[in-house]
Amino acid sequence: MKKIFLSTFILIASVCFSLAKAQNKISVTNLQCEMLNNPEGIDVLRPRLSWQIKSDVNDVKQTAYQILIASTLENLNANKADLWDSGKVNSDESVNVVYKGKKLKDRQNAFWKVIVFTNKGEAKSIENAHFSIGILTYADWKSTRWIGYEKLSKDDSISQFSKLSARYLRKEINLKKQVKNAKVYIMGMGLYELYINGNKIGDQVLAPVPTDYTKNVKYNVFDVTSQLKEGKNMLGTILGNGRFFAMRQDYKPYKIKSFGLPKMALQLFVEYTDGTSEVIRTDDTWKLTTEGPILANNEYDGEEYDARKEMKGWNTTNFDDKNWVNARYVQEPGGFYEAQMTPNMKIKGEVKPISIKATAKGTYILDMGQNMVGWLQLKIKGKSGDQVTMKFAESLQADGSLYIANLRDAKTTDIYTLKGEGEEIWEPRFIFHGFRFVEISGFPGKPTLDNFVGKVVYDDMKTTGTFESSNATMNQIFKNAWWGISGNYKGMPLDCPQRNERQPWLGDRTTGAYGESFLFNNQTLYAKWLDDIKYSQTQDGGLPDVAPAFWRYYGDNVTWPGTYITVADMLYQQFGDQEVIKKQYHSMKKWMVYMEENYLQNDLMDKDKYGDWCVPPESLELIRSKDPARLTDGQLLSSAFYYQLLGIMKKFAKISNAESDIAYYDDLAVRIKKAFNTKFFNAATNTYANNTVTANLLPLYFGIVPEDIKEKVFQNMVHEIEVNKNGHISTGVIGTQFLMRTLTNFGRGDLAFKLASNKTYPSWGFMVENGATTIWELWNGNTADPSMNSQNHVMLLGDLLIWYYENMAGIKSNPETPGFKQIIMKPDFNAGLTYVNASYESIYGLIKSDWKKNKSALEWKITIPANSSAVVYLPTNNASSVMVNNQKLTQLSTFFKIEKNNLVLNLPSGTYILNVK
Ligand code: BGC
């Protein structure tokens with residue numbers, strides 16, 4: 001029996017539901033929800049609509065669709081598409097279909113469904129999707145005032161270690177009629193928790209996502225209809241510091257940005273059943289106190305909580321607030337307002353500690369068994385005034401005490417004072433730590449493992465990729481990468497979560513973002529980050545190395561800021577997102593021109609700051625190598641990178657209808673290529689510059705090396721790795737981005753496999769062998785100077801994860817048909833693995849590649865989602881040795897051809913078992 005299920009979602013907002021073939025039993029499948037997890041208050045007037053088709057038969061292609069969008073659910077149910085009826089559109093497009101209906105208004109509600117026509121029958125939504133528009137008209141916000149309290153209390157301080165108690169706000173409102181529909185639009189800076197009648201609204205934590213608040217401020221939107229009742233209601237918020245009242249407020253202001261004391265603006269829009277509506281806005285009748293139990297909250301230093309100061313019922317109507325003051329009107333943060341289009345963080349998992357040991361000092365060391373990011377929940381009994389101190393660190397010293405030298409001046413300490421009323425359960429609200437070990441002191445009685453639970457906190461996005469292979473080291477590296485990547489997603493991609501840094505460094509993600517996209521649905525996070533980068537651009541076009549520029553690092557280099565362009569390219573390649581390119585194109589071009597005008601000299605780009613950051617150094621205690629033989633010329637790096645970016649910009653110009661720019665990029669590229677080869681190529685040795693792996697790798701990967709000498713340059717690079725470096729890595733953050741794919745593309749997948757599975761220094765496996773459960777900042781992370789030695793940085797992953805998926809599993813989106821409309825499945829079966837079992841949830845649906853081989857046979861199970869297809873490469877030139885779903889290929893009408901000793905099949909959607917003898 002044929003069955004087709006569809007699931008629809010709007011891009012960037014949060015909708016998820018599924019559809020089923022009309023004549024079939026209705027079946028709901030939950031797909032891609034997390035990517036779209038807040039459908040309320042989106043920030044675009046032309047949302048893009050996407051849906052997924054699910055089917056249990058092969059070869060399903062969409063032939064047409066019809067989208068119906070209505071302003072109420074009732075209308076939609078009655079098929080009254082009063083906002084948009086697309087009519088039947090003959091098209092195979094099922095992702096990123098742009099809304100073309102009636103003009104949408106502020107706060108507009110929209111309900112929608114789609115009817116899909118396929119070559120195997122038609123199907124329609126069985127559940128309707130929903131989204132609503134935010135408040136896009138600034139005038140609507142104008143009368144909503146910012147409120148706060150701009151005074152420090154006696155224990156607060158503005159210093160190297162800023163300390164500030166949380167602000168509690170409350171406001172009683174009286175709703176005179178029955179509520180039909182209500183939404184809250186909240187800007188709570190730096191971080192907020194919102195309550196109505198004592199109940200927390202939403203399960204987000206550490207919201208909203210951080211931005212440069214002088215440039216833009218994100219508001220969150222919640223449907224709170226079910227929280228409100230006719231009559232008296234209580235709104236309550238707690239404001240924490242986040243990045244607003246900076247961790248080092250007004251400390252080194254030339255470097256660190258501060259924004260002031262916490263503040264908020266909120267509107268509650270209520271529609272009554274009689275058709276009338278009203279908007280309740282923040283004003284100075286709100287009551288405020290700074291005397292609540294959260295005495296301090298500082299992302300670097302930790303949270304202090306005194307449970308004796310709890311104010312029972314503060315966020316309900318039954319509370320006496322006579323000691324509270326009226327909130328004050330304060331200046332707005334400065335940035336313009338935008339609905340947040342990327343998910344907030346949530347508690348995404350729990351970790352139970354694996355051991356607890358008493359120390360000679362009378363403290364205890366708790367081991368979580370995993371370097372994680374989030375916090376510790378405490379369950380405790382004791383007397384009023386007992387105080388427990390928890391200090392967090394990533395590892396231990398030889399004597400068993402915490403290793404804190406690598407945290408620099410971050411105090412990473414939470415302090416809880418008991419109220420002494422039976423069992424108390426506490427966890428912090430406005431901070432996070434990167435830690436595996438915790439030192440506990442002052443615990444009343446003897447703590448056991450049951451007193452603690454680790455809460456894992458990161459952006460609420462879905463894990464989209466799985467990977468398992470025959471190599472245990474590679475599998476553990478994959479797990480460590482998952483922990484490292486997820487932990488550092490904090491509404492922006494951080495460099496690290498533990499020391500006094502935690503900055504969104506651009507260069508750490510240049511290629512990493514692409515690899516990460518196989519593991520997480522990071523589309524909206526990176527789209528938001530590109531906005532952060534855009535907003536941080538200087539008037540003349542310069543870009544910083546850190547964005548949002550919480551640290552002002554405007555050094556005008558190429559490799560770090562170039563991430564602006566490579567990440568946009570990732571969003572296009574992996575998610576088929578063209579809008580993001582159109583949106584950013586102008587600013588990207590501005591930067592390219594700015595760099596050219598200021599730093600192109602004799603057709604070479606003369607601007608580099610970090611070199612091939614973090615190559616394995618000559619001595620194991622060093623952070624940075626000083627040995628010229630290990631370092632690659634900065635002019636080579638920046639010129640090669642700029643050359644690569646010109647190629648991407650050429651592609652972007654086409655997408656952005658800016659074809660007239662192409663000649664400019666082409667001309668520059670030709671000149672740079674020529675100057676590059678003249679300056680750096682050594683014809684006597686067929687090597688570049690000082691013959692580091694990176695020096696040869698970049699021109700090879702970017703296509704700068706003339707065709708006839710590519711192979712020779714490649715062989716020299718291989719010699720350097722295999723012989724001079726004894727089969728080990730010698731690249732840093734730059735070279736490692738292209739290493740694995742280049743080796744494989746030139747036929748040395750076996751050497752790439754060796755690097756991926758090495759256990760000796762320097763290698764990712766060496767980190768594993770030394771107890772790492774995440775990825776280190778330095779190849780020599782176990783021995784290097786602690787002043788820059790994080791144990792949870794992801795930049796050294798380079799292109800490793802891309803290689804896992806594209807080259808080992810064989811799951812790659814064809815660049816000609818971005819977003820996995822067509823998949824290229826070409827695993828390197830001879831690299832050294834005997835099996836790979838991987839999956840990736842693409843925007844079309846689940847892709848699977850599960851192969852195992854022995855000396856004489858290969859079995860490969862493949863799943864290709866509906867409305868997508870795959871070009872599949874089998875390692876044989878003998879068609880009669882191939883079986884497809886237990887039938888001889890030669891007896892099927894499936895199209896195939898032989899190409900360079902591979903048999904290449906074109907497969908439509910579905911599941912297949914391929915056997916090659
Ligand atoms: C950060 C890195 C960053 C680098 C650039 C370090 O302190 O942690 O991840 O890219 O500085 O200089």
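It should be emphasised that the depicted structure is a prediction, and the values quoted were computed from it without experimental measurement. Just follow the structure's listing: the first ligand is 1, and inside any ligand the first atom is 1.
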Determine which pairs satisfy salt bridge (charged side-chain N to carboxylate O under 4.0 Å, His left out) with at least one residue from residues 604-615, sequence neighbours left out, and list them in order. D545-K609
Geometric cation-pi criterion, R502 with F432: 6.0 Å, 45°: yes
If you measure from the Lys or Arg side-chain nitrogens to the Asp or Glu carboxylate oxygens, is any gap between K163 and D301 under 4.0 Å? no
Pair listing, salt bridge (charged side-chain N to carboxylate O under 4.0 Å, His left out) test, anchored in residues 770-786, at least two apart: R499-E777
Can you say whether the rings of F478 and Y804 are parallel (under 30°), tilted (30 to 60°) or perpendicular (over 60°)? parallel
So which residues, sorted by chain and number, lie with a heavy atom under 4.0 Å of ligand 1? D495, R499, E501, W505, D508, W560, Y610, W613, E777, H793, M795
Which residue pairs pass the salt bridge (charged side-chain N to carboxylate O under 4.0 Å, His left out) test with at least one member in residues 588-600, sequence neighbours excluded? K589-D661
